[in-house]
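Structure, as structure tokens:
The shown structure was predicted, so the numbers you read here are calculated from the model rather than taken from an experiment. Sequential numbering from 1 along the given sequence is applied to the chain's residues.
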Amino acid sequence: MEHLDQRRKITIIVAIMAAMLFAALNQTIVGTALPRIIADLGGMEYFSWVFTSFMLTSSITAILVGKLSDIYGRKPFILIGIGIFIIGTFLCGLSQTIIQLIIYRGIQGFGGGMIMSTAFAAVGDLFSPRERGRWQGLMGAVFGLASVFGPTLGGYIVDNADWHWIFWVFLPFGVIAFALIWTLFPSVTRNEGEAVDYLGAVLLTLTMVPMLLAFSMGGSQYAWGSTEIIGLLLATVIALVLFIAAERRAKSPVLPLSMFGNSVFTLSNLVGFTMGAGMFGTIMYMPFFVQGVIGTSATASGFVMMPMTLSMVAASAISGQFITKTGKYKGLALAGLLIMTAGMASMVFMSTETTNLIAVINMIIVGTGLGIAFPIFTLTVQNAVEHKLLGVATASSQLFRQLGGTIGVALMGTVMGQRMNTEMQNRITEAGLDQQGGAIDPAVAERLTQLQDPQMLMDPQQLEQIRRSLPEAAQELFAQIVLIMREALSASLSTVFLVGALVVFSAFVMTLFLREIPLRTSNRQQPADTVEADQQEIVNTARQPQPNSR
């Protein structure tokens, strides 16, 4: 599609952005509203699964569709993805239990993986790597726009209406996006020389599912050394060995192993994985701090999170323009990761005394670094492979990033839960509250026991109901327990932020070793690594002794 005129390209980009906006809005609106949803449906122990189920299904779909779209074209998969996403979103709004919500979020993920994989690959079809910086900056702005309006509207809805509407309010956008893609997106003929690697697809799925389940359930539902977790990890290893063996023999592998011989491709994906783990594992828990520790309402929480996304949008747009103009990106990536690390490190020192202003400043720092660095590693992956592998390469970049996010959210949830339990027990013992059980009226004691569930902090109305139901003599004890809960939650989240900062810093260290190769100015050019390999082969051939012509 690189041969299309500029006006046609821009029209197609608008259609792609409409589809991405629909998917992104439905993702971002959940974050701020989820604490209230958990308070209503219960199931705090399954909190991370609302994100894990989406990332699990979207990760699997993205990598499979990436290869299929290289064969059949992007259009059918982005249309199917929007359709599935609409169905999953509608069902999420019908959820009556946390398990139903998790299942329906998984359906959303199947559609979301198709949309994101094909959308970013389509940008690669339209523009050369040198031009993509500008357009990927605009794609980042779409996510930023969704991150501004999604959480704010989500908070407003849960404060003023039934939370189910957070999933239904944007459904018309899905219909509009479907119509735009159907009308504007060009169709391409199938690449007849490519076969579908069904065995590889099945084995890749069998590798990813038990691995993600192990990291999601480890430390929460099951101990890390339990038979269940060890069994899942063992199944992962076996499936991975079989997958590698199958891919080496496949005519058209679903994930060509030869790409991992490219140092830029491999290191970029490792950085994306690590950055995803630190970023998602930290940012997803920030609403818990704003609402649970500071005590901000869900609506106001959306406004507190907004500056981070605005800074991300601005930084992403400026970064993209700079890359397109100069062709340089490594220095920007290092600067972005270092700024992210500094922002997350500053979150470690937040406490019950922290104001919304301090939280906003910290999140602006994180958002700035994120906006600078995050789009770069998709660009480096695309620039390092041949254009015929664009779909699978782009999907692999998203796969590693989402795998990192899935594992990060799960591990951070384990860290938060264990630290929370320890802090609650220690603080209750230090305050001597465990010795007062016999001196309190049983009915009052039962009401106070409800306060030891941290999800109560996310529902100010229920807290107020409990306070009003208590006699005057128990009001001081009520305030003391609530303070202990906030302090315990603050301490546990500080640990989460510290781990996130260390993880993102490790991504910074890895980026130091990333080789900066020139950005190609046409999709018909070979990647630098391929050109160098061809030149080296010519040199080696020339050095070989030639047979005597006589």
(message) Whether the Ser53 and Arg105 side chains hold a donor-acceptor pair (N or O, under 3.5 Å, no angle test) is what I'd like checked.
(response) no
(message) To the closest 0.5 Å, what do you measure between OG1 (Thr380) and CD (Glu516)?
(response) 10.0 Å
(request) State whether the side chain of Ser58 and the backbone N or O of Gly113 hold a donor-acceptor pair below 3.5 Å, judged by distance alone. (result) no
(request) Might you confirm whether atom CZ of Phe349 has over 12 heavy atoms from other residues, nucleotides or ligands at distances under 6.0 Å? (result) no
(message) For residues 348-361, which residue pairs pass the side-chain hydrogen bond (donor to acceptor under 3.5 Å, both in side chains) check, not counting sequence neighbours?
(response) Thr296-Asn356
(message) Quick check: Phe22 with Phe170 (ring centres under 6.0 Å apart)?
(response) no
(message) Restricting to salt bridge (charged side-chain N to carboxylate O under 4.0 Å, His left out), what partner residues turn up for Glu487, sequence neighbours left out?
(response) Arg427
(request) Please report the C-alpha distance between Ile37 and Ile166 in whole Å, then the side-chain angles of each, then the deciding distance to 0.1 Å, and finally whether the side-chain contact (heavy atoms from CB on, under 4.5 Å) criterion is met. (result) CA-CA 11 Å; Ile37 296 173; Ile166 69 169; 3.8 Å; yes
(request) Give a yes or no on whether the backbone of Gln321 and the side-chain of Thr324 come within a donor-acceptor separation of less than 3.5 Å. (result) no
(request) Determine whether Ser396 and Phe265 make a side-chain contact, defined as any pair of heavy atoms from C-beta on separated by less than 4.5 Å. (result) yes
(message) Does either side chain, that of Thr378 or that of Arg401, offer a donor lying less than 3.5 Å from an acceptor on the other one?
(response) yes
(request) Measure the spacing between CE of Met308 and CE of Met312 and express it to the nearest 0.5 Å. (result) 6.5 Å
(message) Under a 3.5 Å distance rule, please check whether Asn426 uses its side chain to pair with a backbone N or O of Thr422 as donor and acceptor.
(response) yes
(message) Whether the Glu423 and Ser492 side chains hold a donor-acceptor pair (N or O, under 3.5 Å, no angle test) is what I'd like checked.
(response) no
(message) Closer than 3.5 angstrom, by distance alone: can the side chain of Asn262 be matched with the main-chain N or O of Ala384 as a donor-acceptor pair?
(response) yes
(message) Just so I know, are the side chains of Thr394 and Val381 near enough to count as touching, which here means a heavy-atom distance under 4.5 Å?
(response) no
